[in-house]
There are 2 protein chains.
Amino acid sequence: MLTQPMTTSNSFRRAPAQPVTPARVTMFENSIELMGAVMPFARGAEIYGENEPAEYLYKVIAGAVRTYTVLKDGRRQIGAFYLPGDVFGLEVDDEHAFSAEAIVDCKVMVIKRRALVALAARSGDVAHQLWTMTANELRRAQSHMLLLIKTAQERVAGFLLEMAARSPSTAVVELPMSRQDIADYLGLTIETVSRTLTLLENAAAIDVPTSRRIVLRNHAALNRLNA
Amino acid sequence: MLTQPMTTSNSFRRAPAQPVTPARVTMFENSIELMGAVMPFARGAEIYGENEPAEYLYKVIAGAVRTYTVLKDGRRQIGAFYLPGDVFGLEVDDEHAFSAEAIVDCKVMVIKRRALVALAARSGDVAHQLWTMTANELRRAQSHMLLLIKTAQERVAGFLLEMAARSPSTAVVELPMSRQDIADYLGLTIETVSRTLTLLENAAAIDVPTSRRIVLRNHAALNRLNA
DNA sequence: CGACCATTTGATATGGATCAAGCGATGTGG
DNA sequence: CCACATCGCTTGATCCATATCAAATGGTCG
């Protein structure tokens, strides 16, 4: 029984886009394929919780995932969004630092961490892949950090450009997440996100045909904002 | 010839405090010792620049280092502070993501990245260490991210607790960095940092006998703020 | 059609930024 | 040794971007 109704559009399939050498990809992907099982998660379902032992790592096959943590006062900070092809939940420690939830109905490949770490001990290539994936997360966290010190316009513009870069089309962004998710990712309120989108629309930088679809009309203008 | 006069207090020596298993430490430290040369850097000197090829990685022996990036509009964001025992400049990519500067006169061990990566390819332990160090950076970046969405009081309290945890004494923090550095680390202005410290002092949470020395009088109160 | 939920829009409040001045420690030259 | 310049820090007054509170709109599903 699913914890949430299987509703609406989970039509967010994309090609993996990891910048690694073909040889390594193949080799590593093969390892994953061998060890991983694909599991479905319903919209809103928890994939793992903060402070739970990190027994698995995960790869998004279809759908979208958010990781987050909740501060003492109830504010939620989203650490990252993961789209098809992205790996998440990779920890060196034995505990997850964030919780993970399915944003929409998802298919996620689940891989035993111990098995992969063991394999890494024998294969330099696998070890290098684990290291690279962690470093990619580090880069992502660092640029997320930079977003958080900017103005609302810069954050929203930066977010849209980031999503566009990860989308099949750099012109149209299909957002799997709600305004609240975006707000919690950017450290803003839902109202400010909404107002800023309206503002960008009025400035002819974007179109918002539906709330979950954003057309980037003027990358230059967005980049200019993205200080 | 030094780029900056050898002035004032660079009396910031601390014991390394990396949470790794003794066996691994020894093994890895030996590798480093073998490959690394200790170099002095004068206060304010650049250790490496953003976008420079990452040929080396570094370990602070004495002093303190900041990494930073400058946004288009001139704002500077400090990525991290590194104290004795900390490793920095470790990249999987071939380029540094941030610039690094000596905050005070420093002694820094410099290690050839290629040599270490090559060693990692043969030694699972070294590979694991590289991975662990990158993961530690990731943790640090993630908690830094969380700081940046908080209020000024929470950020300053969090910063002080972080510094205290890394200090030999958890009660007295000797700050190697200026208010401007702290401000750029916390995403605040120098004025707000100063005001907040005064506020915490008035609230009897801390003492500020000199501007670079902070006495934590009430950890509980600081923790409470650190939402 | 009507209820519900997400999003947008409007009005007001506020925390931190900005602009500006004062203060204290450190170092310099007379 | 003292007067003065400099620099880092603190304090004060005002402004503004974003949060907060509140209401209207719109899309979705029963």
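In what follows, chains carry the letters A, B, and so on, assigned in the order in which the sequence lines appear, proteins first and then strands, with residues in each chain numbered from 1.
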Just call it for A:T210: base, sugar-phosphate, or nothing, with non-hydrogen atoms closer than 4.0 Å on any strand.
nothing

In B:R179, B:R76, B:R75, the residue satisfying side chain to side chain donor-acceptor pair (under 3.5 Å) with B:D184 is B:R76

From the list B:F98, B:F88, B:Y58, ring pair (Phe, Tyr, Trp, His ring centres under 6.0 Å) with B:Y82 holds only for B:F88

Between CD1 of B:I182 and C1' of D:dT10 the distance, given in whole Å, is 14 Å

Against the side chain of A:T192, the closest entry in D:dC9, D:dT18, C:dT8 is D:dT18

Between B:Y185 and the options B:E162, B:Q77, B:R155, B:R66, the side chain to side chain donor-acceptor pair (under 3.5 Å) test singles out B:E162

Separation of D:dC9 atom P from B:E201 atom CD, nearest Å, is 15 Å

* Would you confirm whether the ring centroid of B:Y48 sits within less than 6.0 angstrom of the ring centroid of B:Y56? => no

Output for pair (A:L147 CG, A:N226 CG), nearest 0.5 Å, gives 7.0 Å

When rounded to whole Å, the CG to P distance for the pair A:L147 and D:dT18 reads 13 Å

To the nearest angstrom, the CG-P distance between B:L175 and D:dG8 comes to 16 Å

Note to self: Using a 4.0 Å heavy-atom cut-off, does B:L188 contact any base of the nucleic acid, only the sugar-phosphate backbone, or nothing at all?
What the structure shows: sugar-phosphate

Looking at D:dC21, does its base get a donor-acceptor pair with the side chain of A:E191 below 3.5 Å?
yes

Of the candidates C:dT8, D:dT20, C:dG16, the side chain of A:S194 sits closest to C:dT8

To the nearest angstrom, the CE-P distance between A:M177 and C:dA6 comes to 16 Å

From CD1 of A:I190 across to P of D:dA19 the rounded distance in Å is 12 Å

Among C:dT7, D:dT10, D:dA19, the one nearest any side-chain atom of A:T189 is D:dA19

Establish, with yes or no, whether the OP1 or OP2 oxygen of D:dC9 is under 4.0 angstrom from a side-chain nitrogen or oxygen of B:R212. yes

Checklist entry - If you look at every strand shown and take non-hydrogen atoms under 4.0 Å, does B:T151 touch a base, only sugar-phosphate, or nothing? => result sugar-phosphate

From CG of A:L197 across to P of C:dT9 the rounded distance in Å is 10 Å

In whole angstroms, the gap separating C1' of D:dC16 from CD of A:Q153 amounts to 14 Å

Exercise for review: Look at the side chain of A:R195 and the base of D:dT20, then say whether one donor and one acceptor between them are separated by less than 3.5 Å.
Suggested key: yes

